[in-house]
Amino acid sequence: MPTLPRLVAFDLDDTLAPSKSALDPTMIDLLVRLLSVSEVCVISGGQFGQFQAQIIDNLPEISAEKLARLHLMPTCGTQYYRSDAQGWTQVYAENLSDDQKARALQAVEQTARDLGYWESNTWGPILEDRGSQITFSALGQAAPVASKIAWDPTGEKKNALREAVQALLPDLEVRSGGSTSVDITRQGIDKAYGMKRLADLTGIGLDDMLFVGDRLDENGNDYPVKVLGVECMAVEGWPDTAALLEDLIPRYVAV
C-alpha cells in the first residue's frame, strides 16, 4: 500500500488460522504487535463463540488500550462486538425474523437433499441458527479440514447449492461461506455491509483500511469487500498472512 492503513481487517478461517482452529502462537504474537500500531478487525462467517475459541481465549494478557483497538464482526459483519470493562459487548446485531429463519432453514435443507448434498455422517449439526445468519455446513461445523477439502475441492457443490437456495429466497442474501458452507442473512448484508458499518462507527474511512482474505474470488465471501473498493490483499493461508504482517508492522515503527 502507498500509505499505511489506519485499520487492518482480516477474514478468520484460512486467513488467520486453519478452518475452525485456534490461531498459531506466531499469529497471536503478530496480532498483538499489530494492535500496538493499528486498529484491527476480524470479520468472518463464524459466530461469536468461534471467535472466542479461536482468538480471544488464546490472547495473552494485554492492555485495555490494545483490546479497545480490536473489532470483532461475526456472521459476516451482521454482528459487531467491542471490548469494555464488562467484557465483550455486542454493539449491534442484524437478526433475522422468525419467519425468515424458518424459510431459510427449510429451503437450504430441502435443496441440499434434492441435490444429494445432505450427508448422514457429519461432525456436528449441518444447520445452525446464528441469530443474524443461518449457516449450512455440509459436514458439520467441527469437520476436519481434510474432509472439507475432499468434499468439494472445486467449490462446485457449494456454488450450485447457493444459486438454488437464492432462487427460493429472493428477499434474503445467500452467499458461499467457508469451504463447505452457505450463509443466509438479511438482503444486502454481507462483509461489505460490515465494513461500511465499521467505517461509520469508528470514523475510519474505507480508503484508510486494508482487508486481508483468502476468498477474494468472485464466488468468495470476501469478494464484496473488494467490490466496495477497500484495498485488499489475497492470501492462501495463515502463513501468507504472517509473512504480510512481518513486512507491514515494521513500516509503522519506521514512520
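None of the values given here were measured: they were computed from a predicted structure.
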Name all pairs fulfilling the side-chain hydrogen bond (donor to acceptor under 3.5 Å, both in side chains) condition that reach into residues 161-170, sequence neighbours left out, sorted by first residue then second.
none

Could you give the distance from OG (Ser19) to CD (Gln54), rounded to the nearest 0.5 Å?
7.5 Å

Has the side chain of Gln133 got a donor or acceptor atom that lies under 3.5 Å from a matching backbone atom of Arg130?
no

Give every residue pair that meets the ring-ring contact (aromatic ring centres under 6.0 Å, His included) criterion with at least one member in residues 206-227, sequence neighbours excluded.
none

Could you grab the distance from atom CG of Leu198 to atom CD of Glu39, nearest 0.5 Å is fine?
8.5 Å

Closest heavy-atom contact between Pro224 and Ala192?
O-CB, 3.5 Å

Taking all non-hydrogen atoms of both residues, which atom of Gln50 and which atom of Asp13 are closest, and how far apart?
NE2-OD2, 3.2 Å

Rounded to the nearest 0.5 Å, what's the gap from NE2 on His71 to CG on Leu7? Could you check?
5.5 Å

Is there a chain of hydrophobic side chains (I, L, V, M, F, W, Y, each step under 4.5 Å between heavy atoms) that links Leu127 to Val182?
yes

Nearest heavy-atom neighbours spanning Leu23 and Leu16
CG-O, 3.6 Å

Test ring pair (Phe, Tyr, Trp, His ring centres under 6.0 Å) applied to Trp151 - qualifying residues, sequence neighbours left out:
Tyr117

Could you state the interatomic distance from NZ (Lys20) to OG (Ser179), rounded to the nearest 0.5 Å?
7.0 Å

When every non-hydrogen atom of Asp129 is compared with those of Ile134, the smallest separation belongs to CA-CD1, 3.7 Å

Enumerate donor-acceptor pairs with a distance under 3.5 Å from any side-chain N or O in residues 24-31 to protein atoms, sequence neighbours excluded.
{"residue": "Asp24", "atom": "OD1", "partner": "Thr26", "partner atom": "N", "Å": "2.8"}
{"residue": "Asp24", "atom": "OD1", "partner": "Thr26", "partner atom": "OG1", "Å": "3.1"}

Minimum heavy-atom separation for Gly213 and Asp11, please, with both atom names.
CA-CB, 4.0 Å

Suppose the criterion is side-chain hydrogen bond (donor to acceptor under 3.5 Å, both in side chains): which pairs have a residue in residues 235-249, not counting sequence neighbours?
none

Positive for ring-ring contact (aromatic ring centres under 6.0 Å, His included) with Tyr81, one of Tyr92, Phe48, Trp88
Phe48

What pairs with Asp114 under side-chain contact (heavy atoms from CB on, under 4.5 Å), at least two apart in sequence or on another chain?
Gln110

